[in-house]
Structures are given as structure tokens and as C-alpha cells.
Trainee: 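This is the structure I have questions about; it appears just below.
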Amino acid sequence: MVESLIIFQKLASTETFRKLFLNPLDKECPKDGNVLDMVISKYINPYLEVCRKCKIKSIAATKILNRAAEGFDVSPQVFKEQLELPYFRRGLKSVIRGVKSYGLQKPFLPYTPFLIVWNFTNICNLKCKHCYQDAGKKAKDELTLEQQFRVIDNLSDWGVTVIAFSGGEPLAHPDFFKLAEYTAKKGIAVAIATNGTLITEEVAKKLADLGETYAEVSFDSLDPKEHNKFRGLESAWELTVEGIKNLVEAGVYTCMATFIHKNNYKQIPEFVEFAKNLGAQFWAMFEYKPAGRAKDLKIDMNPEEREEALSILAEVTLEEMKNKKGDKPFTIPYSTAPQFGRKMREISRGEYSVGGHYGFLINMPKLLEFVGGCGAGRAYVALQPNGNITPCVYMPNLVIGNVLKDNLNYLWDTNEILKALRDRDKYKGHCSKCEDKYICGGCRARAYGYLKDVTGPDLGCINNKEYWDKNVNCSSSSSSR
């Protein structure tokens, strides 16, 4: 597996390979249409009739795709089945075009972001204390329905793989299903980030009917009173639990997502067990970021607490992996905390690590160096209700463009903030010299939230503890006097 990746890395790093193989793939054939689409179709169905030139290209492409399948430890048949899914094909095309356009650099840059997290409305039925969006009422400059359809068209033309509808509360918006159905028809995977309180059996079935839908449901405390207090609704806990049950019953890929902080991180095993008992396939650990309504909360984990939390999460993950390989029920935990890749490798003694925002376990260090760590401005970007683009949902005020006004390819290639996020050699503090910078790189939103610098040190990391002590502990001590 590793050998296959190294061979491809060496090939893809050469200008000759890109010129002779990748460049011709991204052209139009008078008979067979887009060559890249054709070779993928030919790979899935070897009996497909194509012109002589395309047949030669497809033979070479088949060898490369088989290597890719081997590298990800799946059979060619399984890989072919995945490629029949429109969104998976979109992702592969973005990878191939990324290698063609930018080479196989570290960290890897796809041709377009795989994921768009779209806070398409500010409307919300709750008033959560930790809301990075400060949601509630509809924003004055929210896009019209016609404009929202144009957003989906633009993202489809760009080649985006997944649109995750967020908010606010997506299900509180009357046009959510119109937009979600339109997204699915475009061949883009639909995900939703929701508080779960509005997910009735009927809503869950409509989400399932969209295709392979992924739902991420916020669940912040095992204590109903604490959860309700945090969420600002007396019945929130009960409604959310019922919503998760409805999603699982309907066959929606379900993730229970928990805001982990200094007061609850030791309960991570209990959260995972609770999610498993509900039937959720995933449990996600989300961290505090000083953004939106959460700015005044004083519950962020310090570097030592974060290390302990990630160690606990890694231990639980390894246990769930054992369950997955056996006959026991399992729920796969993950976290968008980029340090989790390092911690998972440490706890598993090199057997596993995780691919950062991609959220998958992996045991190939060479591959992890390309896909690991924070994906802000690289694997994904966020959209605001008015169409403004930000590198991350936790940077709601750092606008880099607008999805309806800007040339998205040009923005992706030339924006200086995006360039800064992708160049880990120029990060500050320990992040730039860390031996794990390519599997981690630190959380850019935390650096921005605390220091207003996307290239700043991630002061929540144990390796940058001096910056935490100087900028957070110091300010907390001053404000308490």
C-alpha cells in the first residue's frame, strides 16, 4: 500500500507525468465528451465503447485507479462501486485536477474544496450559549430563494463534493428541502448540521430520501437540565434524543456531535456509549472557539486538558475499532481537532492516525502527510447567509469573497489568506517547526480567534503552552482582578 503511494507521489511530482497523462485527461473528446469522465466510466464498465485514443488513456488510467484502490486498502470492485456515486466521482476528479494544477504538494490542495459548510440562514429556534454564528432571527441580508439556487449552481459548476447545510437551524427555514433536493439532483452529497429538535419521523424520512445523507446532531450534555440550559429550551434534550432516534430509524448516516470543554471532557467515553446506544454511526468531538456568541464563555480547555481529552478520545476510538472488527455494536468517534492525528498515532503506537477534517482512520503515514490537519481554506470553506465566503465557520467575520460575485477558481488560486493557511512553513510559534505540522498544523480558527492571525500559533496545543499562558491565562487573571 505504502509502496503504491510512494510510486504515485514520485510520478505525480514530475512535470512530465502531469503533461503526458494528467493534462490530456482534462480535455474534451469529440466522440466521448470529457475525457476524465470517460476514463472513470470506462474503469467502472470495461465493456464501454470509446474511441481509440480514449481507450489508450483509459488503460493507463485503470492502472492508476487500481493503485489508488490498493493504497486505500479497498478492492477495485468496491472502488468501482464508490465511483458510481456522483459525489465520490466529483471528489476523485477534484483530486486528479488538483494534482494536475498544483502537483502533489504538502498539504495536498484539491482543485476545489471537497466540502462547503453553508450557514444558509441565521434563523434558529434555540439560543445556544456557544453559537459561533450568534444565530436567532433571520439576517437582513440573507439571500433570496432564487439567489440560493444560484449558489448551488455555482458550487456545482465549481465541482464541490459535499454541501453541509448549517445555520442557524436549517430545518427552521421553510425552503430547506427545496434547496437540499436541488443539491442532491446536482450530484452533490447533502449533509446537515442540526440541533435535532425539529427532526420528526417525517422529517427524518425526507432527509433519507435525499440519498446518502449525513446528519450531524448537536448533543451537549448527558444531563437533560444542563443541555437545556445550554441550549435555551426546556425540552431541547428530549427532542434531540428523539430526533437522533428518528434519523437512525430512517437510515440516515447519523453523527452525535458534542461541544467538549473543560467541564465535560472526562465524560467522552460516556458520550460515545450514549451515541452507540442510540444507534448513531459516529460521535464527534467539537471544541470551543472564541467566535460569535461564545466569545465570553470561559470554558475552553487549557493545553494540558486538551491533551488529556484527546488521549481519552484516542483510547475510546481504539476500543471502538476493535468492536468494529468483531461482532459488537460500535460507534466511530472522531474530532476536527488537528492534534488528534498526532495523539491517535501516539496512543496506537503508530498503528493508526486520523486524516483531520476528513475524519477517517488511516495507517499510512506518507498519505497522512498530504491530507492531515486543519482543512480550513484547503479541504473546505464556509458560506455565510449573504453568500460571503470565509475560510472556516469559526471565522465568520474573515470574509475572503462572495459566492455570487467572485470567480471561484480565481479566488481559490489567488486569495492571500487562503495561501497563508496552506503554507505551514510560515506558521508562527511551534506550529512551523513542529515535526507533526503536516499531520496537524494546529487549529487556524483558534489562532485567529485568540490572536486575530490565521498563521499564529495554536495556543490550545501543549507545544504552544507559553502562548496560552501569555495570551489567555494572563488576560483571565487580569480580568478577574
Side-chain angles (χ1 to χ4, degrees), residues 115 117-119 122 124 126-135 164 166-168 193 195 216 218-220 230-231 255 257-265 268 284-303 305-307 309-310 313 334-341 356-357 359 373-384 388-400 417 420-421 427-429 431 440-462 464-465 467-468 471-473 475-476:
L115 169 67
V117 179
W118 185 11
N119 297 321
N122 208 55
C124 192
L126 302 184
K127 199 74 173 177
C128 304
K129 292 182 179 180
H130 57 314
C131 181
Y132 60 80
Q133 191 68 16
D134 198 10
S166 187
N195 60 46
E216 194 172 81
S218 299
F219 181 88
D220 294 323
F230 221 71
R231 293 270 160 182
C255 173
T258 303
F259 172 47
I260 292 297
H261 49 81
K262 66 176 11 314
N263 299 328
N264 71 353
Y265 73 88
I268 288 174
M285 168 182 156
F286 282 84
E287 302 178 281
Y288 169 86
K289 306 291 193 308
R293 200 179 296 141
K295 281 183 179 179
D296 296 328
L297 290 179
K298 304 297 181 183
I299 56 176
D300 195 5
M301 292 179 284
N302 63 38
E305 291 166 336
R306 182 166 283 103
E307 280 292 291
L310 293 174
L313 180 61
Y334 73 94
S335 175
T336 56
Q339 290 85 5
F340 189 43
H357 277 66
C374 179
R378 180 178 61 88
Y380 99 103
V381 294
L383 298 183
Q384 292 299 308
N388 282 343
I389 305 170
T390 67
C392 174
V393 292
Y394 294 110
M395 304 176 190
N397 299 317
L398 187 61
V399 179
I400 61 172
I417 293 174
L421 285 165
Y427 288 174
K428 300 179 179 69
C431 290
C440 175
C443 175
R444 297 300 96 211
R446 189 155 45 234
Y448 180 74
Y450 279 116
L451 304 173
K452 294 295 176 280
D453 182 359
V454 296
T455 64
D458 177 357
L459 33 66
C461 177
I462 195 69
N464 283 312
K465 186 178 182 301
Y467 296 95
W468 175 275
N471 293 278
V472 183
N473 274 351
S475 61
S476 298

Trainee: Could you check whether any side-chain heavy atom of His261 comes within less than 4.5 Å of a side-chain heavy atom of Leu297, counting everything from C-beta outward?
Mentor: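 Side chain of His261 against side chain of Leu297, heavy atoms only: no contact under 4.5 Å found.
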
Trainee: Would you indicate whether the side-chain heavy atoms of Lys262 and Arg306 approach each other to under 4.5 Å?
Mentor: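 No - every pair of side-chain heavy atoms lies 4.5 Å or more apart.
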
Trainee: Which heavy atom of Gly168 sits nearest a heavy atom of Cys124, and at what distance?
Mentor: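 Minimum heavy-atom separation between Gly168 and Cys124: CA-CB, 4.0 Å.
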
Trainee: As an exercise, state the distance from CD of Glu305 to CD1 of Ile260, rounded to the nearest 0.5 Å.
Mentor: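 Between atom CD of Glu305 and atom CD1 of Ile260 there are 12.0 Å.
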
Trainee: Hey, what do you get for OH (Tyr380) to SG (Cys374), rounding to the nearest 0.5 Å?
Mentor: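 Result: 7.0 Å between the selected atoms.
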
Trainee: Please round to the nearest 0.5 Å and tell me the distance separating atom CG of Leu459 and atom OH of Tyr467.
Mentor: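 One gets 10.0 Å once the value is rounded to the nearest 0.5 Å.
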
Trainee: Does Asn264 reach the main-chain N or O of Phe259 with its side chain, forming a donor-acceptor pair under 3.5 Å?
Mentor: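 Checking the backbone N and O of Phe259 against the side chain of Asn264, a donor-acceptor pair under 3.5 Å is found.
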
Trainee: Looking at every heavy atom in both Pro396 and Ala291, which two are closest together, and how far apart are they?
Mentor: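 For Pro396 versus Ala291, the nearest heavy atoms are CD-CB, 4.2 Å.
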
Trainee: If I take atom CG from residue Leu310 and atom CD1 from residue Ile462, how far apart are they, to the nearest 0.5 angstrom?
Mentor: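 So the gap between those two atoms works out to 11.0 Å.
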
Trainee: Identify the two heavy atoms, one from Tyr265 and one from Met301, that lie closest to each other, and give their separation to 0.1 Å.
Mentor: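 Here Tyr265 and Met301 meet closest at CB-SD, 3.8 Å.
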
Trainee: Would a 4.5 Å heavy-atom cut-off, applied to side chains only, mark Tyr334 and Cys255 as touching?
Mentor: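 Result yes, sub-4.5 Å side-chain heavy-atom pair found.
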
Trainee: Enter the distance from Leu421:CG to Met395:CE here, rounded to the nearest 0.5 Å.
Mentor: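 Here the rounded value is 5.5 Å.
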
Trainee: For Asn119, does its backbone N or O pair with a side-chain atom of Ser166 as donor and acceptor, under 3.5 Å?
Mentor: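 Not at all, since once roles are kept as given, no pair shorter than 3.5 Å links the two residues.
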
Trainee: Nearest 0.5 Å please: distance from the CG atom of Asn195 over to the CG atom of Leu126.
Mentor: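 CG of Leu126 is found 4.0 Å from CG of Asn195.
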
Trainee: On a heavy-atom basis, which atom in Cys431 and which in Asn464 lie closest, and how many Å separate them?
Mentor: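 Distance-wise, the nearest heavy atoms are SG-ND2, 3.4 Å.
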
Trainee: Side chain of Ser335, backbone of Met285: donor and acceptor closer than 3.5 Å?
Mentor: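 At least one qualifying donor-acceptor pair exists.
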
Trainee: Can Lys289 and Cys392 be said to form a side chain to side chain contact (heavy atoms under 4.5 Å, CB included), step by step?
Mentor: CA-CA 11 Å; Lys289 306 291 193 308; Cys392 174; over 6 Å; no

Trainee: Answer yes or no: is there a side-chain heavy-atom contact under 4.5 Å between His130 and Phe286?
Mentor: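 Side-chain contact under 4.5 Å: no.
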
Trainee: Is there side-chain contact between Gln384 and Gln133, with at least one heavy-atom pair below 4.5 Å?
Mentor: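 Heavy-atom side-chain distance check passes, below 4.5 Å.
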
Trainee: Side chains of residues 442-451: which donor-acceptor pairs under 3.5 Å do they make with residues two or more places apart or in other chains?
Mentor:
residue : atom : partner : partner atom : Å
Arg444  : NE   : Gly441  : O            : 3.3
Arg444  : NH1  : Val454  : O            : 2.7
Arg444  : NH1  : Gly456  : O            : 2.6
Arg444  : NH2  : Gly441  : O            : 2.9
Arg444  : NH2  : Gly456  : O            : 3.3
Arg446  : NE   : Asp458  : OD1          : 2.7
Arg446  : NH1  : Glu287  : OE1          : 3.4
Arg446  : NH2  : Asp458  : OD1          : 3.3
Arg446  : NH2  : Asp458  : OD2          : 3.0
Tyr450  : OH   : Asp300  : OD2          : 2.7

Trainee: Can you see which heavy atom on Thr390 is nearest to which on Val381, and at what distance?
Mentor: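 Heavy atoms of Thr390 and Val381 come nearest at O-CB, 3.5 Å.
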
Trainee: Show the nearest heavy-atom pair for residues Glu216 and Ala257, with the distance to one decimal.
Mentor: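 The answer is CG-CB, 3.7 Å.
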
Trainee: For Tyr132, enumerate each residue passing the ring-ring contact (aromatic ring centres under 6.0 Å, His included) test, keeping only those at least two apart in sequence or located in another chain.
Mentor: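 Per chain and number, Tyr132 pairs via ring-ring contact (aromatic ring centres under 6.0 Å, His included) with Tyr394.
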
